[in-house]
Amino acid sequence: MELSKKVEEPPINRLSHLLKIIVQENYLPEANEIVELLNTGQLHETIISYATKVKQRHFGDEIHIRGIIEFSNYCVKQCKYCGIRSNNSKIVRYRMEDEEIITRIKLLHQLGYPTVVLQGGEDPMFSTSRLVNLIKTIKKSVDIVITLSIGERTQEEYVELRKAGAQRFLLRFETCSQELYAKYHPHSSFKKREEALLRIRKAGFQTGTGFLMGLPGSTVEDLARNILYTSKFKPDMIGTGPYIPPEGLTSLSPSGDRNLFFITIALLRLLNPLAHIPATTAFDTFDMRGREKLLKTSCNVFMPNLTPCKYRKLYTLYPSKSRVDKDQWHFLKVDTTLSSLGLTKATGPGDSILPESQNLIQDKGETNE
Ligand code: SF4
């Protein structure tokens with residue numbers, strides 16, 4: 001090995017101390033320190049163990065359950081990694097009728113789900129006025145917390161949706177690297193994405209964000225910067241999952257080490273002790289027990305897919321998703337699967353426990369202006 005390429009093992013004591021001050025003093029590390037933690041395999045078990053303790057301290061053995069309904073797979077965007085991008089002519093498109101969505105949510109409510117995530121592509125047929133009516137009808141029919149995951153809208157639209165009664169919003173920034181963002185998102189930019197995220201928070205939503213791990217072309221440094229960006233944003237919820245390569249693409253990027261995916265979630269837990277962090281479906285595509293491992297360690301949220309089966313296989317954000325959705329985590333078996341892991345289903349809506357978000361929970365959508 002050339003001398004210039006030789007990677008020196010960082011002093012373990014210094015990194016152990018770094019971990020301790022992250023946990024005990026809420027120290028926010030620099031990106032290069034996060035890179036060192038990610039690159040030091042010797043510490044990975046310790047990182048997971050700390051993350052498990054931190055999650056236990058704030059959430060115990062309780063897992064919040066959020067049912068997801070994927071109501072439309074139409075999208076005007078062309079994110080290159082996404083199976084429902086507008087220029088993918090190979091998939092069958094669907095849109096659920098409003099009545100169908102309401103019926104599904106009533107079923108969820110009967111089954112005891114306190115929250116629902118309404119997720120869809122950026123579909124112009126689901127205009128803001130249509131969504132406002134839908135949200136109002138749902139809120140009149142059942143006492144359920146509504147989370148939206150519907151992409152970028154204007155400030156006025158976010159405010160209208162919040163005032164209609166939706167309380168939470170998920171929007172991943174995907175990557176905070178401007179170059180990578182531009183590469184994977186034609187006609188858009190990281191700056192635009194970040195502005196949308198800020199508009200969501202300003203509209204008074206409990207806000208969730210996160211990124212895609214292991215995008216081809218990304219580095220461990222990119223991963224570290226994404227972890228840091230997320231933590232500085234102080235999200236109420238963090239939704240982060242691995243990039244799943246399309247069939248045929250076998251090589252993963254340097255940041256696509258599967259072990260690193262778990263360490264990333266653990267570091268997010270250490271840096272965001274109070275955030276709600278779901279074990280996302282994508283983890284089960286490369287590890288049959290991926291979500292189980294996360295729920296036993298860093299994550300405190302599980303989001304079963306409650307989209308009607310006839311549509312579920314069409315919401316193909318990435319390969320194998322529909323297969324994973326049919327697995328042992330079927331929504332009727334969630335309780336038994338959790339108890340087999342020594343975990344219990346949390347009661348209540350599972351609002352944000354961040355002190356700075358407490359004012360968002362009771363109000364009816366006042367903006368922070
Ligand atoms: S990632 Fe989201 S915005 Fe991008 S194409 Fe897929 S559904 Fe549309």
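Each ligand, and each atom within it, is numbered from 1 in the order the structure gives. All residue numbers refer to positions in the sequence shown, counting from 1.
- Protein residues having at least one heavy atom under 4.0 Å from any atom of ligand 1 are Cys75, Lys77, Cys79, Cys82, Ile84, Arg85, Gly121, listed by chain and number.
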Could you go through His276 and Phe59, starting from their C-alpha distance and side-chain angles, then the distance that decides it, and tell me whether this counts as ring pair (Phe, Tyr, Trp, His ring centres under 6.0 Å)? CA-CA 9 Å; His276 289 298; Phe59 300 100; 5.4 Å; yes
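- Side-chain atoms of Glu194 and Tyr181 include no donor-acceptor pair closer than 3.5 Å.
- Residues passing the salt bridge (Lys or Arg N to Asp or Glu O under 4.0 Å) test with Lys345, sequence neighbours excluded: Asp335.
- Considering Leu170, Asp123, Thr128, Leu161 in turn, Leu161 is the only one that fulfils the side-chain contact (heavy atoms from CB on, under 4.5 Å) rule with Ile150.
- Between Phe169 and Phe205, the ring planes lie perpendicular to each other; the angle is over 60°, past the 30° to 60° tilted range.
- With a 6.0 Å cutoff to the six-membered ring centre and a 45° limit on the axis angle, Lys293 counts as a cation-pi contact of Phe262.
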